[in-house]
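Beneath this line is the structure, given in structure tokens, with notes to follow.
Sequence lines set the chain letters: A, B, ... in the order given, protein chains first and strands last, and positions in each chain run from 1.
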Number of protein chains: 2
Amino acid sequence: MAQSDTVDRILNAAEELFADRGFSETSLRMITSKAKVNLAAVNYHFGSKNALIHAVFARFLTPFSATLEKAFDELESKCGDKPATLDQTLSALTESAIRMPQRNEKGISIFMRLLGLAYTQSQGHLRKFLEQQYGKTFNRFMRLLKEATPQLSAVDRYWRIQFMLGATAFTMSSSDALRGILENKLGVETTVQEIAARLVPFLAAGMQAKDAMLVSTAGDNTSVA
Amino acid sequence: MAQSDTVDRILNAAEELFADRGFSETSLRMITSKAKVNLAAVNYHFGSKNALIHAVFARFLTPFSATLEKAFDELESKCGDKPATLDQTLSALTESAIRMPQRNEKGISIFMRLLGLAYTQSQGHLRKFLEQQYGKTFNRFMRLLKEATPQLSAVDRYWRIQFMLGATAFTMSSSDALRGILENKLGVETTVQEIAARLVPFLAAGMQAKDAMLVSTAGDNTSVA
DNA sequence: TTGCCTCTCAAACGTATGTTTCAAACAGGC
DNA sequence: GCCTGTTTGAAACATACGTTTGAGAGGCAA
């Protein structure tokens with residue numbers, strides 16, 4: 001009983017503190033005092049701070065990538081040999097995220113912020129870990145995106161995927177702060193589910209925008225459907 | 001001669017290292033050794049590490065916000081009492097950024113990445129500094145965006161602006177790396193100007209996307225006007 | 001020259017970090 | 001009971017950090 005209890009308490013505390021303050025700004029002493037365990041417990045159970053970071057991600061990402069693979073399986077079998085649409089592909093992603101069993105009400109938002117930090121904050125070891133652990137699923141998602149946007153040139157698709165990733169990672173990485181601002185300014189509360197529901201149509205519209213490469217400053221319209 | 005030389009070398013080194021590694025991950029010793037100046041020079045000339053961070057931002061943002069204010073002046077006088085379009089507003093921004101005199105070829109991309117870090121990394125002091133220093137210009141930009149998208153609710157507009165900022169900051173921040181990948185994979189060269197030209201229609205399409213809020217996963221919807 | 005002010009330099013300071021150590025407490029099988 | 005392997009605890013370790021100190025170098029006016 002002692003073992004798993006300590007490990008979980010460390011993971012819970014670390015997850016929350018990392019999401020709040022980033023990785024380098026969170027010390028092991030903050031984590032262990034929040035978790036009410038001894039300082040040495042982290043190195044005893046995980047080996048190092050970096051390994052703890054990996055464990056925090058693995059605890060969420062391993063079941064999530066399994067769920068996502070299943071969702072992709074269903075999507076592909078449902079579509080037969082037709083390619084899935086862009087909306088279907090993006091929705092498979094967001095719905096898998098939302099349906100994950102959550103430890104508490106903040107579960108998703110904490111983890112979205114962590115993912116954003118992982119992408120933004122240049123932690124070499126983390127990126128390597130995520131890539132070799134979950135790269136396969138990520139590449140499958142990219143393939144689906146490609147099949148869903150056959151009208152785009154490879155170059156256009158490449159850049160627009162970067163735009164999508166940017167909007168997502170950036171928003172999620174600061175979503176707590178943004179939500180706070182929104183509540184103060186407009187008096188509205190927003191859940192992560194709602195943000196995702198707003199993000200998907202934004203991204204889908206952007207991905208399918210008509211090219212306006214030749215329109216420069218002086219000119220006028222960019223036709224958008 | 002000694003003075004300005006040291007100050008500039010510190011600023012140049014700090015700018016590059018911050019963009020590469022983030023603020024907390026960059027030590028004063030890294031900065032001073034890259035700049036080939038004494039460690040104490042930072043505290044002598046700037047007072048503290050935080051003040052150095054502010055100075056790095058101010059060196060770029062102060063002339064940029066002046067350029068931007070001028071661009072907005074021209075835009076508003078050109079449009080008379082009609083509101084400027086979304087494309088015009090976004091283009092005023094990107095063109096002002098592109099036209100800024102740059103210290104070197106990496107100028108823009110480095111600074112875009114810094115802006116992204118400032119937003120993502122929870123450095124309270126930085127956010128306060130930027131807000132009180134350049135909040136006026138930022139609010140003017142927000143007002144233009146508001147007038148350019150009267151069809152959006154305040155909440156929708158708020159989130160979509162966050163998505164735009166994310167896509168922009170994220171893409172620009174790593175545009176050097178992304179450009180390299182693109183050249184290797186597809187054999188195409190891309191300039192920052194071309195990326196901006198691709199980004200603007202993507203953003204404009206996203207901003208003007210039809211809402212799909214009622215498409216929800218399981219049961220409940222999230223009512224937001 | 002002398003005096004003054006600005007700037008540089010090497011060294012040190014105090015603090016916080018990740019990690020290690022080793023003894024004590026605890027569990028379960030014999 | 002005793003023994004064995006696992007887990008906790010308080011303390012210390014080595015290192016890196018931002019910052020401060022005080023001596024001295026250099027330029028410039030009187």
Closer than 4.0 Å, any side-chain N/O of B/Ser27 to the OP1 or OP2 of D/dA16?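 Answer no for this pair, as no side-chain N or O of B/Ser27 is under 4.0 Å from OP1 or OP2.
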
Looking at B/His45, does any N or O in its side chain come under 4.0 Å of the phosphate oxygens OP1/OP2 on C/dT6?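 The answer is no; no side-chain N or O of B/His45 sits under 4.0 Å from OP1 or OP2.
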
From [atom1] of [X] over to [atom2] of [N], roughly how many Å is that when rounded to an integer?
| X | N | atom1 | atom2 | result |
| --- | --- | --- | --- | --- |
| B/Met30 | D/dT15 | CE | C1' | 13 Å |
| A/Asp5 | D/dT6 | CG | C1' | 15 Å |
| A/Asn43 | D/dA11 | CG | C1' | 15 Å |
| A/Leu52 | C/dT17 | CG | P | 15 Å |
| B/Arg9 | C/dT8 | CZ | C1' | 12 Å |
| B/Asn38 | D/dG18 | CG | P | 14 Å |
| B/Ile10 | C/dC9 | CD1 | P | 11 Å |
| A/Leu28 | D/dT15 | CG | C1' | 15 Å |

Give A/Thr26 one of three labels, base, sugar-phosphate or nothing, depending on what nucleic acid heavy atoms sit under 4.0 Å from its own.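 Sugar-phosphate, backbone atoms only, no base.
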
With a 4.0 Å cut-off on heavy atoms, is A/Ala41 in touch with a base, just the backbone sugar-phosphate, or nothing at all?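 Contact class for A/Ala41: none.
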
What orientation do A/Phe129 and A/His54 show, parallel under 30°, tilted 30 to 60°, or perpendicular over 60°?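 Answer is parallel, since the angle falls under 30°.
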
Mutual orientation of the aromatic rings belonging to B/Phe111 and B/Phe57 [parallel < 30°, tilted 30-60°, perpendicular > 60°]: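 Rings of B/Phe111 and B/Phe57: perpendicular, as their planes differ by over 60°.
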
Is there a donor-acceptor contact under 3.5 Å from the side chain of A/Arg157 to the main chain of A/Thr149?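 Yes.
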
When you measure from the side chain of [X], which nucleotide among [options] comes out closest?
| X | options | answer |
| --- | --- | --- |
| A/Ala40 | D/dT20, C/dT19, C/dT21 | C/dT21 |
| B/Thr6 | D/dG9, C/dT8, C/dT17 | C/dT8 |
| A/Tyr44 | C/dT21, D/dT6, D/dG18 | D/dT6 |
| A/Leu39 | D/dA11, D/dT19, C/dC9 | D/dA11 |

Is there a side-chain contact between A/Leu145 and A/Leu90 in this structure, where contact means two heavy atoms from C-beta onward sitting under 4.5 Å apart?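 They are in side-chain contact.
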
Closer to the 5' end of DNA chain C via nearest nucleotide, is it B/Arg29 or B/Lys36?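 The residue mapped nearer the 5' terminus is B/Lys36.
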
Just checking, any donor-acceptor pair under 3.5 angstrom between side chains of B/Thr6 and B/Tyr44?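 B/Tyr44 and B/Thr6 do not have a side-chain donor-acceptor pair below 3.5 Å.
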
